[in-house]
2 protein chains.
Amino acid sequence: MALTPGPLAGTPGPFSGRHIAGLAQDLRRGHATSAELAEQALDAIAALGPELNAFVTVDAAGARAAARRADAELAAGTDRGPLHGIPVAVKDLIMIAGLRVTMGSRHFAGHVPEADAACVARLRRAGAVIVGTTTTHEFAYGPTGDRSASGPAHNPWDPSRMTGGSSAGSGAAVAAGLVPLALGTDTGGSVRIPAALCGVAGFKPAYDAIPADGVFPLSRTLDHVGVLAGTAEDCLLASTCLTEPTGRKHATPPTGGADRPDVVGPVRVAWLDPAGLFDGDPRVVRAVRAAAGPLEEVRLPPGLADALRDTYTVIQSCETAAVHADRLAGAPELFDPEVLERLRVAMEVPGWRYIRAMDGRARLAEAAGALFDRHDVLALPTVPIIAPPLGVRETEIGGRPAAVRAALLALTSPWNVLGRPALTVPAGTVDGLPVGLQLVGRPGHEALIFEAARTLGRHAGARS
Amino acid sequence: MALTPGPLAGTPGPFSGRHIAGLAQDLRRGHATSAELAEQALDAIAALGPELNAFVTVDAAGARAAARRADAELAAGTDRGPLHGIPVAVKDLIMIAGLRVTMGSRHFAGHVPEADAACVARLRRAGAVIVGTTTTHEFAYGPTGDRSASGPAHNPWDPSRMTGGSSAGSGAAVAAGLVPLALGTDTGGSVRIPAALCGVAGFKPAYDAIPADGVFPLSRTLDHVGVLAGTAEDCLLASTCLTEPTGRKHATPPTGGADRPDVVGPVRVAWLDPAGLFDGDPRVVRAVRAAAGPLEEVRLPPGLADALRDTYTVIQSCETAAVHADRLAGAPELFDPEVLERLRVAMEVPGWRYIRAMDGRARLAEAAGALFDRHDVLALPTVPIIAPPLGVRETEIGGRPAAVRAALLALTSPWNVLGRPALTVPAGTVDGLPVGLQLVGRPGHEALIFEAARTLGRHAGARS
């Protein structure tokens with residue numbers, strides 16, 4: 001299933017094709033030190049920074065100190081688990097004590113949080129080495145990833161194209177091999193979209209599985225914290241560390257997905273016809289379907305797609321406007337013009353629609369739940385188009401005009417409304433640009449999603 | 001504290017000055033039968049119906065059957081408690097199985113519910129005899145009580161004046177002595193306002209103390225079910241029956257508030273200066289303060305009144321619009337024009353304001369809670385004006401223009417935002433029209449409110 005991550009203008013980064021489990025083994029066998037891994041990451045970020053604009057703030061001193069501590073602990077026999085000593089990047093709206101965190105906005109140009117977000121605290125407890133913050137679409141309010149006070153992130157596969165967003169820099173950094181792991185947030189697809197468009201894996205756990213405390217909110221009942229990494233296995237490993245309160249569950253690093261002899265696993269996977277949600281690029285749909293292999297097909301009940309989309313739009317608009325109303329009144333000029341315009345529209349969405357949308361979520365969850373009656377996991381494309389050029393907002397799909405934002409979000413945002421865990425894994429390329437296969441499951445049964453990723457990977461003749 | 005209820009154009013109704021506890025004793029001593037009480041109520045309703053327009057639907061057959069059953073049960077030794085055999089009226093938006101319930105609206109002109117509201121089911125289990133439905137302001141959306149598909153209710157003290165609303169008919173029916181007890185609902189004061197303006201007692205328990213299932217919603221996080229009766233004791237007795245799930249807690253009727261020898265009870269009562277909430281009619285404030293007797297005075301913290309009012313308006317607007325959006329789109333012509341206009345305004349209130357208002361309630365509760373640090377109960381006028389003439393929307397208070405709706409709601413709606421239990425008891429008259437003393441307490445400590453009503457009543461030299 002896995003692709004070789006990003007060709008990246010000729011220079012694959014130091015972590016291209018290297019998995020966390022392997023790095024963890026290297027650290028424990030004395031084949032590498034955390035200090036070396038940190039230097040490799042810092043060197044690569046410095047070398048590729050201008051081209052990709054993946055990072056906003058690099059914390060070389062902090063990373064070096066954390067790496068030294070990690071090495072010393074391992075040497076002393078203290079093993080914090082599979083993330084111990086691993087370089088990690090953090091999206092620029094997740095609070096890191098003492099480091100500049102800007103939300104991609106001029107409103108927070110010099111903002112230095114006093115405390116770590118809960119997920120950052122868990123990273124630290126797990127021994128991870130935070131190397132810096134990655135570019136976010138301003139306030140995470142956009143799936144294109146190309147509007148930020150510090151400029152757009154560039155897609156390592158073609159720097160003239162967008163990474164997708166809003167976790168734009170996290171997608172670019174992992175795809176370029178600058179770090180093996182990055183944190184993102186996902187309100188309508190903001191982890192999965194850049195992961196898919198940049199050719200890496202991305203996992204949005206179930207709602208609230210990774211706590212959002214200390215993450216700057218976009219839309220509080222839709223916001224999810226998630227992870228981007230080279231493979232599904234690395235996503236599972238990292239999200240497990242972030243979900244476990246102590247970060248110490250894994251006393252020994254896992255093997256990286258044992259090869260199981262059964263070709264067809266026990267996981268019941270169905271193909272969800274994406275046409276019910278969005279009329280996407282047929283080349284993308286074909287490529288992803290081929291990567292998924294032969295599967296029974298299911299369709300959304302009539303009306304559900306529209307209801308999910310409306311619900312998403314109304315809830316996100318009202319919750320986002322509630323976050324920004326004061327800034328909008330006090331200093332509108334500090335917003336990116338596109339974000340400002342979207343906020344102004346969001347301010348007008350009436351309260352009765354918010355109440356109805358919130359009330360309707362339980363009914364939508366029930367209707368969507370029927371899709372899972374006979375299957376554990378639904379497979380569909382993550383994004384129904386390839387990465388558009390930076391700044392483009394209108395595109396053509398099959399000769400018809402289509403809005404880029406709507407296309408990017410169409411297949412991911414339903415699972416935010418429903419709070420379901422969803423993984424994207426690389427599924428080949430179209431026109432030389434990566435496409436993603438999305439696997440959606442049940443809260444509490446995340447393991448089946450990852451099992452499905454392994455099973456489908458074997459079907460497609462690839463290996464992660 | 002109690003007044004002789006409504007002089008009512010010369011003809012006091014059969015239940016004027018008769019209390020539930022006394023009626024319950026009469027029933028058990030053989031001095032009256034439930035059938036007789038029901039006939040007295042039905043006769044009085046028929047005689048005074050046209051003048052007061054207190055009732056929408058009278059269920060003579062149902063009342064007679066229920067009264068016969070009540071008598072038979074008592075004769076057979078089955079005693080359902082203090083409401084057993086007592087005639088009760090129910091506001092015309094609380095569902096009664098098999099009886100027409102219209103919400104005061106042409107949208108529901110012929111509506112016959114299939115099931116009882118939870119509070120009606122409790123009334124029945126307590127042995128009460130439901131005689132009919134009482135006029136509500138259309139969909140309970142108005143504190144004036146004078147807009148309804150079946151016409152306005154008239155104040156028994158002066159039929160040219162409004163009862164206040166929205167439980168308009170319940171106020172008129174109890175004040176005129178047509179029934180000893182009526183159910184109402186109270187979203188911003190709709191039990192307490194008509195009780196005060198009609199010279200009876202009214203009690204809004206804490207939020208959700210009496211379940212609202214089967215009550216047509218106005219604003220779901222502000223709606224409370226409450227009771228109107230001649231005295232505070234009767235309100236306590238009835239609300240206790242409605243709050244207890246079985247309705248069987250009172251095996252014997254209570255004594256109706258035992259005379260306790262202590263003049264100053266253990267309840268700590270403070271006077272809350274109403275000027276912090278609304279600049280009311282000084283004559284009303286003086287009269288109520290005199291009725292309350294000497295009390296330490298407390299004031300609202302700065303800004304709290306505005307915040308409470310804004311919060312109330314935003315939440316009520318959005319929640320009400322969410323209830324009526326489909327009717328507004330489908331058949332706007334069936335609404336009363338004033339209600340229609342208010343709904344159209346409510347439809348425009350933005351969702352971000354709703355989210356902020358809902359978030360702010362906890363902070364407001366904390367700020368208001370400080371008022372109760374040293375006192376159990378706050379006393380203030382229920383309504384800062386006397387009943388205005390029917391249909392009037394602008395009035396003068398102390399020579400300044402004032403909006404009638406704002407004046408009616410000003411002192412009651414804060415306690416809906418905060419979900420606090422609040423009682424109104426008669427506190428004399430101004431210009432020959434009744435005024436009410438409001439007593440606000442803590443959820444779970446409702447008994448202290450009623451104890452305060454008894455204590456203040458003795459101070460004022462009156463007896464209930």
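On a predicted model such as this, the values are computed, not experimentally measured, just so you know. Chain letters run A, B, ... following the sequence lines, proteins first, then strands; residues in each count from 1.
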Subject >> Between B/R361 and B/T221, a side-chain donor and acceptor under 3.5 Å >> reply: yes
Original post:
Between A/F139 and A/F335, how do the two ring planes meet: parallel, tilted or perpendicular, split at 30° and 60°?
Top reply: tilted
**OP:** Assess the side chains of A/K91 and A/S167: does a donor N or O sit below 3.5 Å from an acceptor N or O?
**Re:** yes
Original post:
Regarding A/S219 and A/E319, is there a side-chain donor-to-acceptor distance under 3.5 Å anywhere?
Top reply: yes
**OP:** May I ask you to name which of B/V323, B/D359, B/T320 has the most heavy-atom pairs under 4.5 Å with chain A?
**Re:** B/D359
Subject >> Interface residue of largest heavy-atom contact number with chain B, from A/A346, A/A357, A/A321, under 4.5 Å >> reply: A/A321
Subject >> B/V314 versus chain A, the contacting section by heavy-atom distance below 4.5 Å >> reply: neither
